[in-house]
Amino acid sequence: MWDFSGQVVVVIGGSSGINRAIAEAFASAGAKLAVASRNRNKVDATVKALRELGADATGFCADVRDPEALERGLAEAAERFGKFDVVVSGAAGNFPALASAMSSNAFKSVVDIDLLGTFHVMRAVEPYLTQPGASLINISAPQAQLAMAGQAHVCAAKAGVDMLTRCLALEWGGRGLRVNSVMPGPVDGTEGMRRLAPSAELSEQVRQSVPLKRLGQTSDIAHACLFLSSPWASFINGVVLPVDGGWSLGGVSSLGPVLEQALASGKR
Ligand code: NAP
Ligand code: COA
């Protein structure tokens, strides 16, 4: 349905789960791909999978908390492919923990990865963006909009990510760069879901709280990223797009008390 032939797509945090599915969807649509994350084996396996889909693909290792490592990897990707048409920034960390049980470093680690890391990615890709025309997508989460017990660090960090999206959409819009957030709902078979709803029972409870009565698939999120980066979305800038079956209308709030009870009783 979508044709990204010849376009260059960069996915940071692209070596597993939702972000890897996004990279694979762009590869299947004809794009050239550069993916990055911390773990060499995960990056190599992803590059291999992208090549098997027919894409020209490369990868590099970088922690988004390390701007120099990002800059080095991105410079190599630009050297190989030229300007970037699409950038997806999705590296994130999460663990359920009540605020009173979190050290300063625990809170900071998630803020550093999700929020400061997103800023590092946006700053580092800027010199290499196709201008006008590039689409930048930050991966958010429902915690950005709805407070949730056991998720103070993630709520604060992802709310910051969405505000960064809006500020960059303002600052860079005049250069023809579009910056948007995609906010996935609960996505089946992902690390994020395993951490927040580790049992089959909890996962079912989450499913029931989604108005569409199903969990998301990684492809649901990937399709939204393809749309946002396509000419059909050329006037969409600075939005936070929930791709969540309506979960953010209220159902998401049911997870907080469950997490809080499990954490307070020492089960998590
Ligand atoms: P995941 O499989 O753990 O994906 C995280 C990716 O980021 C991996 O490729 C990981 O690879 C990389 N990463 C983690 N820390 C990094 C760092 N410091 N520097 C560079 N790369 C790093 O998780 P997921 O569940 O698919 O989540 C993907 C995105 O969707 C996240 O932004 C998450 O907040 C968002 N989200 C997920 C859900 C859900 O239901 N799963 C719901 C809402 C939002 P390495 O380990 O190799 O670094
Ligand atoms: N409860 C409370 N604190 C926790 C915790 C938990 N469940 N898990 C980790 N922490 C604390 C650690 O104790 C440490 O704090 P300290 O130095 O005061 O002891 C701090 O968080 C950082 O932990 P560390 O393991 O050193 O960080 P890291 O940089 O190696 O890893 C994480 C970052 C913790 C976010 C790790 O879970 C990660 O890499 N996650 C990526 C994958 C992921 O979360 N996917 C889902 C995306 S939605």
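We count ligands from 1, going down the list as the structure has it; atoms in each ligand are counted the same way.
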Review point. Please state which protein non-hydrogen atom is closest to atom 10 (C) of ligand 1 and give its distance, to 0.1 Å?
Key: Lys42 NZ, 3.7 Å
Check your understanding: Between Pro184 and ligand 1, which residue portion shows a heavy-atom distance shorter than 4.0 Å: side chain, backbone, both, or neither?
Key -> both
Exercise for review: Can you sort out which atoms of ligand 2 are near Ala97, meaning under 4.0 Å from one of its heavy atoms?
Suggested key: 1 (N), 2 (C)
Study note, to complete from the structure: Short version for Ser109: what comes under 4.0 Å of ligand 2, heavy atoms counted, is side chain
Check your understanding: Nearest to atom 20 (C) of ligand 1 by heavy atom, Gly14, Ala62, Gly13, Ala197: which?
Key -> Ala62
Review point. Is any heavy atom of the protein nearer than 4.0 Å to atom 40 (N) of ligand 2?
Key: yes
Revision key, fill the gap. Counting from 1 in the order shown, the ligand 1 atoms closer than 4.0 Å to a non-hydrogen atom of Gly17 are 2 (O), 26 (O)
Review point. Under 4.0 Å from any heavy atom of Met193, which atoms of ligand 1 are there?
Key: 40 (O), 41 (N)
Exercise for review: Check each of Asp66, Thr190, Ile18 against atom 38 (C) of ligand 1 and report the one with the nearest heavy atom.
Suggested key: Ile18
Practice item. May I ask which of Ser140, Ala157, Ala91 has a heavy atom nearer to atom 21 (N) of ligand 1 than the others do? Key: Ala91
**Study point:** Minimum side-chain heavy-atom gap Lys83-Leu129 below 4.5 Å
**Key:** no
Study note, to complete from the structure: Nearest non-hydrogen protein atom to atom 28 (C) of ligand 1, with distance, is Asn19 ND2, 3.7 Å
Practice item. Nearest heavy atom to atom 18 (N) of ligand 1 wins, so pick from Asp63, Leu196, Val182. Key: Asp63
Exercise for review: Heavy-atom contacts with Gly90 under 4.0 Å: which atoms of ligand 1 show up? List them by number with element.
Suggested key: 29 (C), 31 (C), 32 (O)
Check your understanding: Which atoms of ligand 1 are found less than 4.0 Å from any heavy atom of Arg65?
Key -> 18 (N)
Practice item. Pick one of side chain, backbone, both or neither for how Arg195 approaches ligand 2, counting any non-hydrogen atom pair under 4.0 Å. Key: side chain
Review point. For atom 17 (O) of ligand 2, which protein heavy atom lies nearest, and how many Å away is it?
Key: Asn105 ND2, 2.9 Å
Practice item. Please examine the side chains of Pro67 and Phe119, heavy atoms only from C-beta on, and report whether any two atoms are closer than 4.5 Å. Key: no
Review point. Relative to each other, are the rings of Phe26 and Phe4 parallel, tilted or perpendicular (30° and 60° limits)?
Key: perpendicular
Check your understanding: Heavy atom under 4.0 Å from ligand 1: found in Glu191's side chain, backbone, both, or neither?
Key -> both
Study note, to complete from the structure: atom 47 (O) of ligand 1: closest protein heavy atom, distance to 0.1 Å, is Ser37 OG, 2.6 Å
Exercise for review: Identify, with sequence neighbours excluded, every residue that meets salt bridge (charged side-chain N to carboxylate O under 4.0 Å, His left out) alongside Asp63.
Suggested key: Arg65
Check your understanding: When you measure from atom 18 (O) of ligand 2 to every protein heavy atom, which one gives the shortest distance, and what is it?
Key -> Ser103 OG, 2.6 Å
Check your understanding: Is there any N or O on Arg38 that sits under 3.5 Å from an N or O of ligand 2?
Key -> yes
Exercise for review: Determine whether the side chains of Gln208 and Glu204 contain a donor N or O and an acceptor N or O closer than 3.5 Å.
Suggested key: yes
Revision key, fill the gap. Closest to atom 30 (O) of ligand 1 (heavy atoms only, candidates Ile139, Val88, Thr118, Thr218) is Ile139
Check your understanding: For ligand 2, which part of Arg65 has a heavy atom less than 4.0 Å away: the side chain, the backbone, both, or neither?
Key -> side chain
